[in-house]
2 protein chains.
Amino acid sequence: MPAPSHATEATRRAILDATAELLAEAGAERLSIREVCARAGVTAPTVYHHFGDKDGLVLKVLEDSFTAFVQTVDALDKPRDPIEALARAWDGYVAYGVAHPMHYRIMFLLRLARATPIPAATAAFQRLVDVLSAAEAEGLLVPPLEDACKAFWSAMHGVTSLIAAGHLTPDTPASALVRDAVIAHITRPRGGARRPAKKKRSKP
Amino acid sequence: MPAPSHATEATRRAILDATAELLAEAGAERLSIREVCARAGVTAPTVYHHFGDKDGLVLKVLEDSFTAFVQTVDALDKPRDPIEALARAWDGYVAYGVAHPMHYRIMFLLRLARATPIPAATAAFQRLVDVLSAAEAEGLLVPPLEDACKAFWSAMHGVTSLIAAGHLTPDTPASALVRDAVIAHITRPRGGARRPAKKKRSKP
DNA sequence: CGTAAAATATAACGCCGTTACAGCTTCTCC
DNA sequence: GGAGAAGCTGTAACGGCGTTATATTTTACG
């Protein structure tokens, strides 16, 4: 049982890098294993040996992408004030989608059809839960934590995906608008009174 | 120069229906023209004769889907109060994404790589602009119309796409939460005083 | 009926994902 | 060090895909 050779890891990296490049250039639909092979300087069975099949290859790239995303988020400074921290988390999230639009799109495309969750993806979501939990611990959160998470995530994803899709420019005021709207609605100011109940608007 | 035969239109419909079915069942990635042909009972060149190529075929299905969406939205009753109308527009939009998740996803996937806009898609967006314009005309809108549109659309799309992707359940409270948050933030109550300026939160 | 044009079918090309199979490298153990 | 096993990589092929040149049928109209 020989240990993995050092040359093997270089091959894996070459394949992953080529895949990530082509993914960013052409998108997931036009990604071709044969093209990956040509760029990485290997042949097809090598790819299959290392990653199983095309989905496995793309999944690995996406895992790395999610990991990088989590590291980026962790590198942000976290203000003591949970509400400020929320705004920073939003901006960091959106900024990542702006920096890697194709990866961001594929991240969500891929999570659709996939039954097994991607650990790095759930870790990324956990960062958001943490920030909102901190707000809740200080009594600043109005709705239940779970609903607040979903609401914050939905709005953040909406802005990010429209920017990543090219429908909005990265510096659109709409991002801060939605961010402040959601933050204002799910939090109450520190030490402030209870937010007055909104007029009821039930779905038809 | 024979006029188009009546049998031709039936063939077109058969192809479009088969495509729509397969699109809803398997998604855009796994859609195969040969499968469409088998289900519609025609051969491949017939499809190419009528729709040019695969993109043309899917585009036509999507146009029909957008048209149906616009008709659905137009069929909603429009409350006199622009702010109530906003909430109804939100619910109608989200409901359509819930009813046709695969089409909703493909609508946005397809608009990405496409240079020429889809008329029915811009018509759908125009409905949103109309509702917000009505609010602006009554002096109920806080930000500029364009920013309000983008913000409203972003948040609505975020919620809808997460539901369509299966990450949120259709009846999640997060939808109403985000809806009310955005509406409260971009409008001021009728006849009410100017909304106090929010604490400035500029992006880093 | 005859003819021109539209509608459809046949058959093929090239690319794709995938995989049996064989050769090579590298490590382990004696 | 040498034999052998196990992982690594290349060759060649299969079936399916989108697409198209070409031929055939069907339709509409004079």
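Chain naming here is simple, since letters A, B, ... match the order of the sequence lines and numbering starts at 1 in each. Everything quoted here is computed from the prediction, not taken from an experiment. Every heavy atom of this structure was used, including side-chain atoms; hydrogens, water molecules and symmetry mates were not.
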Assign each of H49(A) and R34(A) to its nearest nucleotide of DNA chain D by heavy atoms, then name whichever residue's nucleotide is nearer the 5' end.
H49(A)
Find which nucleotide of DNA chain D each of K54(B) and T46(A) is nearest to by heavy atoms, and output the residue with the more 5' nucleotide.
T46(A)
Measure [atom1]/[X] against [atom2]/[N] and give the value in whole Å, please.
| X | N | atom1 | atom2 | answer |
| --- | --- | --- | --- | --- |
| Y48(B) | dG18(D) | OH | C1' | 4 Å |
| F51(B) | dT19(D) | CZ | C1' | 16 Å |
| D55(A) | dG17(C) | CG | P | 11 Å |
| I15(A) | dG10(D) | CD1 | C1' | 13 Å |
| D53(A) | dG17(C) | CG | C1' | 9 Å |
| L57(B) | dC17(D) | CG | P | 15 Å |
| H50(A) | dT19(C) | NE2 | P | 16 Å |
| E9(B) | dA28(D) | CD | P | 13 Å |

From dC8(D), dA7(C), dT10(C), pick the nucleotide closest to the side chain of T43(B)?
dT10(C)
Can you figure out which of dA21(D), dG10(D), dC8(D) approaches the side chain of P45(B) most closely?
dA21(D)
For a ring-ring contact (aromatic ring centres under 6.0 Å, His included) with Y93(B), tell me which candidate from F125(B), F69(B), F152(B) qualifies.
F69(B)
Plane angle bin for H100(B) and H103(B) - parallel if under 30°, tilted between 30 and 60°, otherwise perpendicular
parallel
Is it the case that H157(B) and S161(A) place a side-chain donor and acceptor less than 3.5 Å from each other?
yes
Check E35(B) with R39(B), please: is the shortest side-chain N to carboxylate O separation under 4.0 Å?
no
Quick check on dT9(D): is either OP1 or OP2 less than 4.0 Å from any side-chain nitrogen or oxygen of T11(A)?
yes
